[in-house]
Amino acid sequence: MTKTKEDKANDEVIICTDDAGMQLYLSEKAANRLSWILTGVCIVLSLPVIILAFMCI
């Protein structure tokens, strides 16, 4: 399925800006994927803490 120009214009874009003026433009689909990836990274990084908590019981 190909997108026409009208479909591309209707895609929502998320813009993130910091104080230095750097801007990041993400489509809604890309932002959703990035949030899942970062969630997975946070879970993997917190696993050792959870495992150690259960080992101390």
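Just so we're clear, the structure is a prediction, and the values are computed from it rather than from any experiment.
Legend: residues meeting side chain to side chain contact (heavy atoms under 4.5 Å, CB included) with Leu26, ordered by chain and number and at least two apart, are Leu24, Ala30, Ala31, Leu34.
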Taking distance alone, no hydrogens or angles, what donor-acceptor pairs closer than 3.5 Å link side-chain atoms of residues 47-56 to residues at least two apart or in another chain?
none

Report, one line per pair, each donor and acceptor closer than 3.5 Å where one atom sits in a side chain of residues 37-45; sequence neighbours left out.
from	atom 1	to	atom 2	distance (Å)
Thr39	OG1	Ser35	O	2.7

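The side chain to side chain donor-acceptor pair (under 3.5 Å) analysis of residues 13-23, with sequence neighbours excluded, yields the pairs Gln23-Tyr25.
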